Amino acid sequence: MLRYYRSWPLLSFINLLLVIFICVGIIVLAADYSRGEAVDLSPTKPVEMKFSGAGELEQSDRTIYNLFIASAFYSYPEVIENPPIPVALDLPPELWMEWPVIPIVSERAKEVFRNGLAQGNNPKAFSIIGDCQSEPQLFLGVYDTDQYQLPADSHNLQETIMHFSGSFSRWGPAVIDGGTPATVLARSWSSQNGCGSGEIPLVCELRIHKPVIVFVNLGTHWTDRNPEYLRQIVSIILEHGAVPILATKADNLEGNNANNIEMARIAMEYGVPLWNFRATVQELPHDGLDPVKQGGYMYLTEEGLVRRRLSALQVLDSVWRGLIEE
């Protein structure tokens, strides 16, 4: 017994060292995670398709900072025979469910686009800010591969794919697993891959990629301050001469559709496009949401992902053409 008491200080010291070691390990892992760095899972180089002088397609090697896009994610054919067309909007935000899927481009958005080009933005680049369902393998990354299928007579969509080649599979610093409107504005979530010291993820992405269009896919993780943060996000994007496309979401985890109402309200307030994605899945079982995965009604089903992917491409095509028209 005496020996036990004599060894107690030594045991306590060893336990203290173990606790310190574990805490340091957790802090290091958290710091690595917070950097939000994309990981290239493929040693291959994607192929960029472009028109030759004769109007034919030719290939050129181009290294793209992205994730490998596995064809297994895209097992369903992406065919919609009658794609939606943009229609004029004359409805209040409270009636957002009746808003069209594809928006009309406002004169304000065209002015922002022209100003952005004058500032040096890349006319062939778009960006995405969002949560895990905006990651390339779930959202638009397939369009930087040959694994997609388009509806019949979709030459315009193919042209848009070629025009924005490289942006579809980009995993920028503003795509964050579990991301919220707050995280893309938080310095603690800034990626270290080319981002400046203390630079927020949103500004980092705008500076590095210089997009002319930005998808804003946020809101599943809802807080009362989301509207405030969303307005900051839209203001920052506009200041950089890019046109934000705000997206409604399929879920209603907040219980009163507050997020989608605010998205519509902010889109109308700033004169920017609203992609009413919710309207594309409302006739699917459970609104295209998985009723089981991680508590249910948060993540899209495979069919929901397919519809979202093609709908986003159609919106990108329509908004881009609306911005460049005289």
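The model shown is predicted, which means the values in this text are computed figures rather than measured ones. For reference, positions follow the sequence shown, starting with 1. All values below come from the heavy atoms of this structure, side chains included, with hydrogens, waters and symmetry mates left out.
Of the residues Asn276, Asn217, Asn260, Asn259, the one that meets the side-chain hydrogen bond (donor to acceptor under 3.5 Å, both in side chains) test with Thr248 is Asn276. Residue Val319 forms a side chain to side chain contact (heavy atoms under 4.5 Å, CB included) with just one option from Leu316, Leu323, Asp317, and that option is Leu323.
The closest side-chain heavy-atom distance from Asn226 to Leu218 is not below 4.5 Å.
When all heavy atoms of Phe215 and Ala312 are compared, the pair lying nearest together is CZ-O, 3.5 Å.
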Discussion item. Would Ile236 and Leu185 count as a side-chain contact (heavy atoms from CB on, under 4.5 Å) here? Give the steps.
Written reply: CA-CA 10 Å; Ile236 291 171; Leu185 296 171; 3.8 Å; yes
Could you go through Phe126 and Trp320, starting from their C-alpha distance and side-chain angles, then the distance that decides it, and tell me whether this counts as ring pair (Phe, Tyr, Trp, His ring centres under 6.0 Å)?
CA-CA 10 Å; Phe126 73 89; Trp320 171 52; over 10 Å; no
TODO: Report the C-alpha distance between Val234 and Val216 in whole Å, list the side-chain angles of each, state the deciding distance to 0.1 Å, and finish with yes or no for side-chain contact (heavy atoms from CB on, under 4.5 Å).
DONE: CA-CA 9 Å; Val234 170; Val216 180; 5.6 Å; no
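The main-chain N or O of Asp290 is never found under 3.5 Å from a side-chain atom of Thr301 such that the two would form a donor-acceptor pair.
A salt bridge links Glu303 with Arg307: the closest approach of a Lys/Arg side-chain nitrogen to an acidic carboxylate oxygen falls below 4.0 angstrom. Using a cutoff of 4.0 Å between basic side-chain nitrogens and carboxylate oxygens, Arg108 and Glu111 are not scored as salt-bridged.
More than 12 heavy atoms of other residues, nucleotides or ligands lie within 6.0 Å of CG in Asn256, so this atom counts as buried by the packing criterion.
Residues passing the side-chain hydrogen bond (donor to acceptor under 3.5 Å, both in side chains) test with Asp131: none are found, sequence neighbours excluded.
The distance from the CZ atom of Arg207 to the CD1 atom of Ile200 is 12.0 Å, given to the nearest 0.5 Å.
For the pair Arg308 and Phe139, the cation-pi test (distance below 6.0 Å, angle within 45°) is passed.
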